[in-house]
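So the structure is just underneath, and the comments pick up after that.
Note that ligands are numbered from 1 as they come in the structure, with each ligand's atoms numbered from 1 the same way. In this text, all values refer to a predicted model and were calculated from it rather than measured experimentally.
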Amino acid sequence: MLSKTVAELAGALTRKEVSARELTQAYLDRIHQLNPALNAYVTITAEQALAQADAADARRAQGNAGPLTGIPIAHKDIFCTRGVLTACGSHMLHNFIAPYDACVVERLEQAGAIMLGKTNMDEFAMGSSNETSWFGPVRNPWDQARVPGGSSGGSAAAVAASLCAMATGTDTGGSIRQPASFCGLTGLKPTYGRVSRWGMIAFASSLDQAGPLTHSAEDAALMMNAIAGTDLRDSTCLELPFEDFTAQLNQPLSGLRIGLPREHFTKDLNPAVQAILQEAIRQLELLGATFKEVTLPNNYLSVPAYYVIAPAEASANLSRFDGVRFGYRCANPANLDDLYKRSRGEGFGDEVKRRIMVGTYALSAGYYDAYYIKAQKIRRLIKQDFDLAFNEVDLILGPTSPHTAFKLGEKVSDPVTMYLEDIYTIAVNLAGLPGMSLPAGMLNGLPIGMQLVGPSLSESRLLNVAHQFQKNTDWHTQRPEV
Ligand code: GLN
C-alpha cells in the first residue's frame, strides 16, 4: 500500500479500502523503522498528523474531499510550519519555531494533505548532495552508501523509500530535479512565479521556486493543482486564473516537436546515460513526437553566472540571521559586534559562509560591475537562447544529471566539482522556465532521470508528455528495497 502513487491512494481512500488514519499510522510506523538509517526526516509530527488524518476521514465521510484529502505528505524543512521546528538544515535555525505556515503548506493543508514531518536538506538549500546539512547527510534508499542528491534530498529519499506518498521541494539551481533523478522520482520545478514563495526561507529570491516530488507526473499534477496560483503576499507570484494541471494529461503527443540541445549531448555526458536518453527518445517517437537538434550556446556560462547571482542574493537574504531576531545566539557575547560575529560564525556552516563571502565580494563597490552586472547580462543571453530554441520546438529534452547518485563523501571536499553537478539544470532557473525530471532508466541498479524543459507556463504540456511517457514505460514504478 505505502509504495502506491497519490492517485492510487486517493482511489483506495474513496473506495474505503483504507482510512486516512490507517494510512498515516502505517507511514509513521515505517518512518520509525527506517528513518534512523536514512535520516530523511529531521522532525516527525506524529500527533498532529493523526489529528489531521481524523479530520480528513471526517471530510471524506461528509463527501467534500478532494484527491489529496487524507494523503500523507512530507515538507522540506525550508517551508515555515506553524508551531513546528523549521530549521532549514542549519544550526542557525535549530530552535526556530515558525509562527505561521508557508503558502504552500497552507494550501496543501486546505486540500486535506496530512503532514508527517519535515525533511532534511542542505543547509539553506545550498548543495547538491544533502551533505551540508547540520543534521547530517541523508542516505539514498537505492544504495545507502550514496547521496540522494540535494538540496531537497530528504524529501526525495522519503518519497523513494515510501516514507510518505508525496513531498515538497524547492529548486534554485536544480534541487528538485537532481534529487528526483538520483532517487527515481518525478520532480517539477515550475515557472518562476507560479508558486508562492511566501513563508519559504529565501536562498536566492530571483531563482527559488517550490514544486512537487512524486512517483508520477499525474501525482505532480495533483500537487500543482493545490499549490500553484496567485498569492498577494508574494509580489513575484503571477496573477493567473486557476489551471487544472491534470486536464491535458491524456492528450496525444502527435505533432509534438522536441529539441535536443547540441551542448548537452557531448562526450562529457556518460555514454550509458546517453544510451538511456536515446531509448527514451525512441519511445517518444513511437508516441508521435519528432526531434531536432537545437542549440543553447551560452549554457556553459550558466554555472559561473549562477555562482555570482545566487551567492549575491543569498548574502543579502542571510543578513537577517544576526543572533538578535532569529535562531541561534552565541553564549555570553561581550558586546553587539561580538554577538553578530560569533552568532553567525557558530551558526552557519562552511558552505553557507563560502556563499556569503562570494556574494558580498561580488556586490561590493568596485566589483559590482565586473561580476554581478556581468552575470546578469549572461543571464539575459541564456534566456534568449531558450527563446530562440522555443521558436522551433515545443519542449527541450536532455539529461538531468551527468550521472547516477554518487558516493557519500566523494565530492564534498571539492566545491567546484559539486557546483558542476547542476550543469544541465541551472540555466532553467536563470531563465525562469519550468523544468522537470522523470525516471528514464536504470544504471547498475541506480535510477537516472531525463529532463524536460518548456517555455514559460508550459507545465501542463510537460506533465502531459511525462504522463504519456509513463503510461508506456515502467521506470517510475520501480521501488528500492530498503
Ligand atoms: N546545487 C545548487 C546550489 O548549491 C542548487 C541548489 C538548489 O537548487 N537549492 O546552489
> Based purely on interatomic distance, does G173 place a nitrogen or oxygen under 3.5 Å from a nitrogen or oxygen of ligand 1?
Replying inline: yes
inquiry  = Does either side chain, that of S128 or that of Q178, offer a donor lying less than 3.5 Å from an acceptor on the other one?
reply    = no
Within 4.0 Å of some non-hydrogen atom of Y307, the atoms of ligand 1 are 1 (N), 2 (C), 3 (C), 4 (O), 10 (O)
Ligand 1 atoms nearer than 4.0 angstrom to some heavy atom of A125 are 6 (C), 7 (C), 9 (N)
Which of F124, Y328, F96 passes ring-ring contact (aromatic ring centres under 6.0 Å, His included) with F321? It is F124
Does some non-hydrogen atom of A310 fall short of 4.0 Å from ligand 1? no
Ligand 1 to M126, heavy atom cutoff 4.0 Å, flagged ligand atoms 4 (O)
Per-atom filter on ligand 1: closer than 4.0 angstrom to a heavy atom of S175 are 5 (C), 6 (C), 7 (C), 8 (O), 9 (N)
Can the ring centres of Y424 and H264 be said to be less than 6.0 Å apart? yes
For F406, is the NZ or CZ atom of K411 found under 6.0 angstrom from the centre of its six-membered ring and inside 45 degrees of the ring axis?
yes
- Query: N/O to N/O below 3.5 Å, does that happen between Y306 and ligand 1?
  - Reply: yes
A student comparing E351, M418, R355 should find that the heavy atom closest to atom 4 (O) of ligand 1 comes from R355
